[in-house]
Amino acid sequence: MTDTTDYRDAYPPSPQFAAEANADASIYDRAAADREGFWAEQAGRLHWHEPWTRTLDWSNAPVAEWFVDGKLNVAYNCVDRHVLDGHGDQVAIHWEGEPGDSRALTYSDLLAEVSRAANYFTELGLRAGDRVAIYMPMVPEAIIAMLACARLGLTHSLVFAGFSPTALRQRIDDAEARLVITTDGQWRRGAPAPLKTAVDEALGTGSHTVEHVLVVRRTGIDTPWTEGRDLWWDETVERSAPEHEAQPFDSEHPLFILYTSGTTGKPKGILHTSGGYLTQAAYTHHTVFDHRPGRDVYWCTADIGWVTGHSYIVYGPLANRATQIVYEGTPNFPDQHRHFQIIEKYGVTIYYTAPTLIRTFMKWGREIPDAHDLTSLRVLGSVGEPINPEAWRWYREVIGAGSTPIVDTWWQTETGAIMISPLPGVTAAKPGAAMTPLPGISAAVVDEEGKPVRLGETEANGYLVLDQPWPSMARGIWGDMDRFRTTYWERYAAQGWYFAGDGAKLDADGDLWVLGRVDDVMNVSGHRISTAEVESALVGHAGVAEAAVVGAGDATTGQGIVAFVILTAEAAARSGAALVAELKAEVSREISPIAKPREIHIVPELPKTRSGKIMRRLLRDVAEGRELGDTSTLVDPDVFEAIRASRA
Ligand code: ATP
Ligand code: MG
């Protein structure tokens, strides 16, 4: 089977779904007629201690101010008000530990825990504006810690618990964190692995800003201790008072710093603030996932160390009074049924994951999901990279019983929340297309000069820009406003547009397809070919489970296409040479002979960030025989040994 981009291949919502959905088509017109008025209306989803006087101040562009003079408390919005509204007994978090333990936290429980942490952080002398680094696996205390920071106006910086001590130290230093919160260890495929020791190592040499390390006991393993600096969570936070009154902060008060995943270079410390961010996180979670509080069981499988975890595990869902699943472990522990068991156990209705996991499920085979009752699911989401049409169809057919809407959500750490996505119940979605900017969002696909590309012209692939400010936009790169301006705002400075760094095209219907990063567009004999297109053609072959493509310097063609592929179990038994020839022919046929890969390497794994993105810049380093660039955000640095071996 191969992927074909047939624009008529669209999946309209069922009439029943459309009749009950949170959004209907009129929302687009309403937002277009009065964009600021529309956002002001969305801000009404939140509780404001003091109302704003102006919706938007863009006079200091590219740093926006939204809901000027408004005052709110982000944690109050995510927790307290639901309890005050009589929903204290509703489960906020169904937590599943990797070893099989579980915990349910109601909104009342969450309020008590967040209050305890806020009281103790105050006792430690932390004050609004101070930074706190959170280096934790997926345990409830990580979310409690984030909310306690938000409650006190402390700025949190999450560092994914798989990152090295060096990566942690860079982020601690960059943000000048006063407190680090961690766990003694984390569960990894049935065994506890130390984590707090990585903090010790990070802080081992040279002077730093950290005064205390607060440690949650998760695994009970032996933990080295620095008296005076280190503190156990259960001996401190858990003994603090469970009542705390939330103070309001300015709408533009810094909420968090989060470092991008580093697929295109050194990670950038993206800064987000409070009122606009929470407004858009709540609005998009409500509208894009069609979320209904008290009825849905929502599950976003991201790690909280990624922006998706911030906006769609913590802030959006909790602001909307969701009941959600938080799972600590990997999808294949103790076996490949884990996610489907969890969906079945809790009756999950909304499931939001990444294409890389969907392709992994495809590789494992449909008999695994087929062994479970997944009929509770009613909305499926995808995020992180373009989803190839074949994976999209499989997701809908096998996980979604051939009927659930799929929302392919395009956004970035910098945008803070979803920007381009179909709306379930409204959009007739096309497999692989992000479709339409959300109501309230304005985007364009333009050429080098900023002229709009023409609809449907396949040669007219262009650059994705955001030509109007939006509430959850980044307010800067921490400590480096110059880099903020040059990275995102210089390219289209004349027009004042945000340059997303992604390529896109508009089809003949005007629907938007994200083609991947501009850095990942190859130039072969003067033809611009996107890595995503070639990868999609390769994955369209039944023998290929995953593919990554890069352009490597080539004396004759400028760049030559080098592909790295993971085979399916059946194909792995076949002769490599015959398969490689077949794959080359397939790409030629699907795209054009110019797109035929110069080399195809069969590899056991691909280098990925924790958010599931393929690190093409590192594969480019391999393809061109260079030293590897910054690998600090890679999940598994060992993959390169196997990849290098495949080329030998
Ligand atoms: P860095 O900026 O450091 O290279 P990063 O861009 O990988 O890191 P994120 O902010 O997590 O870090 O990723 C945003 C990018 O992910 C987008 O710019 C886009 O390339 C890709 N992306 C996310 N969702 C989608 C989607 N639905 N379709 C296509 N691409 C997507
Ligand atoms: Mg990026």
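Whatever order the structure lists them in is the order used to number ligands and atoms, beginning at 1. Since we're looking at a predicted model, the values are computed, not measured. Heavy-atom basis, side chains included; hydrogens, waters and symmetry copies ignored. FYI, the numbering just counts along the sequence from 1.
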Between ligand 1 and the protein, give all atom pairs where both partners are nitrogen or oxygen and the distance is under 3.5 Å, as lines of names plus distance to 0.1 Å.
residue	atom	partner	partner atom	Å
ligand 1	2 (O)	Lys268	NZ	3.3
ligand 1	3 (O)	Thr260	OG1	2.6
ligand 1	3 (O)	Gly262	N	2.7
ligand 1	4 (O)	Thr263	N	3.1
ligand 1	4 (O)	Thr263	OG1	2.7
ligand 1	4 (O)	Thr264	N	2.7
ligand 1	4 (O)	Thr264	OG1	2.6
ligand 1	6 (O)	Arg517	NH1	3.0
ligand 1	6 (O)	Arg517	NH2	3.3
ligand 1	7 (O)	Ser261	OG	2.5
ligand 1	7 (O)	Thr263	OG1	2.8
ligand 1	7 (O)	Arg517	NH2	2.9
ligand 1	8 (O)	Ser261	N	3.2
ligand 1	8 (O)	Ser261	OG	3.1
ligand 1	8 (O)	Gly262	N	3.2
ligand 1	8 (O)	Thr263	OG1	3.4
ligand 1	10 (O)	Thr413	N	2.8
ligand 1	10 (O)	Thr413	OG1	2.6
ligand 1	11 (O)	Trp306	NE1	3.2
ligand 1	12 (O)	Ser261	OG	3.2
ligand 1	13 (O)	Lys613	NZ	3.2
ligand 1	16 (O)	Gly384	O	3.2
ligand 1	16 (O)	Lys613	NZ	2.9
ligand 1	18 (O)	Gln412	NE2	2.9
ligand 1	18 (O)	Asp502	OD1	3.3
ligand 1	18 (O)	Asp502	OD2	2.8
ligand 1	20 (O)	Asp502	OD1	2.8
ligand 1	20 (O)	Asp502	OD2	3.0
ligand 1	22 (N)	Gly384	O	3.2
ligand 1	24 (N)	Gly384	N	3.0
ligand 1	27 (N)	Asp408	OD1	2.8
ligand 1	27 (N)	Thr409	O	2.8
ligand 1	28 (N)	Glu385	O	3.4
ligand 1	30 (N)	Pro386	N	3.4

Tyr11 six-ring centre to Arg396 NZ/CZ under 6.0 Å and within 45° of normal: no
Could you list all the ring-ring contact (aromatic ring centres under 6.0 Å, His included) pairs where at least one residue sits in residues 411-448, not counting sequence neighbours? Tyr312-Trp411
Between Phe361 and Trp364, is the ring centroid distance below 6.0 Å? yes
Contacts of Asp296 that satisfy side-chain contact (heavy atoms from CB on, under 4.5 Å) - sequence neighbours left out: His291, Arg292, Thr349, Ile350, Arg378
So the side-chain hydrogen bond (donor to acceptor under 3.5 Å, both in side chains) pairs with at least one residue in residues 155-165 (sequence neighbours excluded) are His156-Tyr315
Would you confirm whether the ring centroid of Tyr283 sits within less than 6.0 angstrom of the ring centroid of Trp39? yes
